[in-house]
K.L.:
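Have a look at this one.
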Amino acid sequence: MQVSRLNAKLLVLLLTLFSITTIARATQEDTDEPDDYDVKDRVVRISLITGEVNLRRRANQDWERARLNYPLVEGDTIATDKDSRMEIQIDARNFVRLAPGSALRIVTLRDEGVALSVLEGTVVVRLVKFDRSKEYFEVDAPRTTMAAEKPGLYRVDVPRDGRVRLTVRDGGSAR
């Protein structure tokens, strides 16, 4: 009886020592690694995917497969394959859609505004809730920047030949 009590106490003591070591190691690892994202960064999400879409996080050279509801932040780059489409939900009523064979980099995501860069392909922006006096929404393309001024539908085409086309519809206005 005394031997089993002694074994039980010894077992509890050993388990306690191992758990303290594990907790200390986990805490140390968490504090050594710097945060990659600014706390003020705004986050958007992937709201629709058809086909294969790839994502490259900022400061990372590797591409990963994007999934539905993935969060996206400043510096992320998204690319759709030739038979793929995707949609990014900026907020409850504003969306960005990428056509097949498109690549987009998220340049700025702040409460003050959003700036995107179309590297190639076609991007369509639907702004339903937008007030130019309170925020900005810009889309860059090679040698071109489009700044939305009113709610509407905005399309930016960046074909491989480099001739950028901008289209504004549904009451939109851009400069």
K.L.:
Please round to the nearest 0.5 Å and tell me the distance separating atom CZ of R56 and atom OG1 of T77.
P.N.:
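Here the interatomic distance stands at 4.5 Å.
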K.L.:
In terms of side-chain heavy atoms, does E87 have a donor or acceptor partner in S47 at a distance below 3.5 Å?
P.N.:
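S47 and E87 do have a side-chain donor-acceptor pair below 3.5 Å.
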K.L.:
Which residue in the set D157, L98, T80 passes side-chain contact (heavy atoms from CB on, under 4.5 Å) when paired with T122?
P.N.:
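Result for side-chain contact (heavy atoms from CB on, under 4.5 Å) with T122: D157.
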K.L.:
Do V125 and F137 pass the side-chain contact (heavy atoms from CB on, under 4.5 Å) test, and can you show the C-alpha distance, the side-chain angles, and the key distance before you say yes or no?
P.N.:
CA-CA 10 Å; V125 177; F137 200 104; 3.6 Å; yes
K.L.:
Evaluate salt bridge (Lys or Arg N to Asp or Glu O under 4.0 Å) for R160 paired with E120, printing each intermediate quantity in order.
P.N.:
CA-CA 7 Å; R160 293 191 186 267; E120 68 177 327; 3.4 Å; yes
K.L.:
Do N94 and R126 touch side chain to side chain, with heavy atoms closer than 4.5 Å?
P.N.:
no
K.L.:
A side-chain contact here means heavy atoms from C-beta on lying under 4.5 Å apart; do R169 and T167 qualify?
P.N.:
yes
K.L.:
So which atom in V124 and which in L153 form the shortest heavy-atom distance, rounded to 0.1 Å?
P.N.:
CG1-CD1, 3.4 Å
K.L.:
Between R97 and R85, does a side-chain contact (heavy atoms from CB on, under 4.5 Å) hold up when you go through it step by step?
P.N.:
CA-CA 7 Å; R97 294 184 178 109; R85 297 177 188 277; over 6 Å; no
K.L.:
Taking a hydrophobic cluster as the set of Ile, Leu, Val, Met, Phe, Trp and Tyr residues connected by side-chain heavy atoms closer than 4.5 Å, whether directly or through intermediates, do L104 and V164 fall within one such cluster?
P.N.:
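L104 clusters together with V164.
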K.L.:
Within the distance-only criterion (no hydrogens, no angle test), does the side chain of N54 pair as donor or acceptor with the backbone N or O of W63 below 3.5 angstrom?
P.N.:
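Pair absent, no side-chain N/O of N54 close to backbone of W63.
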K.L.:
Would you compute the distance between atom CD1 of I46 and atom CD of Q89 and round it to the nearest 0.5 angstrom?
P.N.:
12.0 Å
K.L.:
Determine the minimum heavy-atom distance between I49 and A66, stating which atoms define it.
P.N.:
CD1-O, 3.6 Å
K.L.:
May I ask whether V139 and L166 are part of the same hydrophobic cluster, defined by side-chain heavy atoms of I, L, V, M, F, W, Y residues being less than 4.5 angstrom apart, directly or through others?
P.N.:
yes
K.L.:
Do V44 and Y70 land in one hydrophobic cluster if side-chain heavy atoms of ILVMFWY residues count as linked below 4.5 Å?
P.N.:
yes
K.L.:
When you look at D131 and K150, which way does the salt bridge (Lys or Arg N to Asp or Glu O under 4.0 Å) test go after all the steps?
P.N.:
CA-CA 7 Å; D131 184 356; K150 294 170 39 179; over 6 Å; no
K.L.:
Run through R57, R105, R45 and flag the one making a salt bridge (Lys or Arg N to Asp or Glu O under 4.0 Å) with D76.
P.N.:
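With D76 as partner, salt bridge (Lys or Arg N to Asp or Glu O under 4.0 Å) holds for just one option, R57.
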K.L.:
Judged by atom type as modelled, is there a donor-acceptor pair below 3.5 Å linking the side chain of T144 to the main-chain atoms of A141?
P.N.:
no
K.L.:
Is it the case that over 12 heavy atoms from other parts of the model lie below 6.0 angstrom from the CZ atom of R143?
P.N.:
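No, CZ of R143 has 12 or fewer neighbouring heavy atoms, counting only those of other groups under 6.0 Å.
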K.L.:
Honestly curious: do L55 and L119 fall in one hydrophobic cluster under the side-chain, below-4.5 Å linking rule?
P.N.:
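Shared cluster, no.
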K.L.:
Heavy atoms, side chains only, cut-off 4.5 Å: are V43 and P71 in contact?
P.N.:
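They are in side-chain contact.
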K.L.:
With heavy-atom distances below 4.5 Å as the criterion, would you say the side chains of I78 and L72 are in contact?
P.N.:
yes
K.L.:
Could you walk me through whether R132 and F130 pass the side-chain contact (heavy atoms from CB on, under 4.5 Å) test, one step at a time?
P.N.:
CA-CA 6 Å; R132 175 75 177 124; F130 176 72; 4.1 Å; yes
K.L.:
Quick one: pull up OG1 in T145 and CG in D140 and give me the separation to the nearest 0.5 Å.
P.N.:
4.0 Å
K.L.:
Verify, without hydrogens or angle tests, whether D91 (side chain) and R93 (backbone) share a donor-acceptor contact under 3.5 angstrom.
P.N.:
yes
K.L.:
Step by step, work out the side-chain contact (heavy atoms from CB on, under 4.5 Å) result for V53 and D81.
P.N.:
CA-CA 6 Å; V53 176; D81 281 349; over 6 Å; no
K.L.:
Strictly distance-based, threshold 3.5 Å: is any side-chain N or O of S84 a donor or acceptor partner for the main-chain N or O of P100?
P.N.:
no
K.L.:
Is V73 linked to F95 within one hydrophobic cluster, defined over Ile, Leu, Val, Met, Phe, Trp and Tyr using a side-chain heavy-atom separation of less than 4.5 Å?
P.N.:
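No: no chain of side-chain contacts under 4.5 Å links V73 to F95.
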K.L.:
Passes salt bridge (Lys or Arg N to Asp or Glu O under 4.0 Å), R110 versus E135? Steps please.
P.N.:
CA-CA 9 Å; R110 301 287 172 160; E135 61 184 333; over 6 Å; no
K.L.:
Quick check against the 3.5 Å criterion: does Y154 have a side-chain atom that pairs as donor or acceptor with the backbone of A147?
P.N.:
no
K.L.:
Mind listing the closest non-hydrogen atom pair of G121 and S102 along with its distance?
P.N.:
CA-OG, 3.4 Å
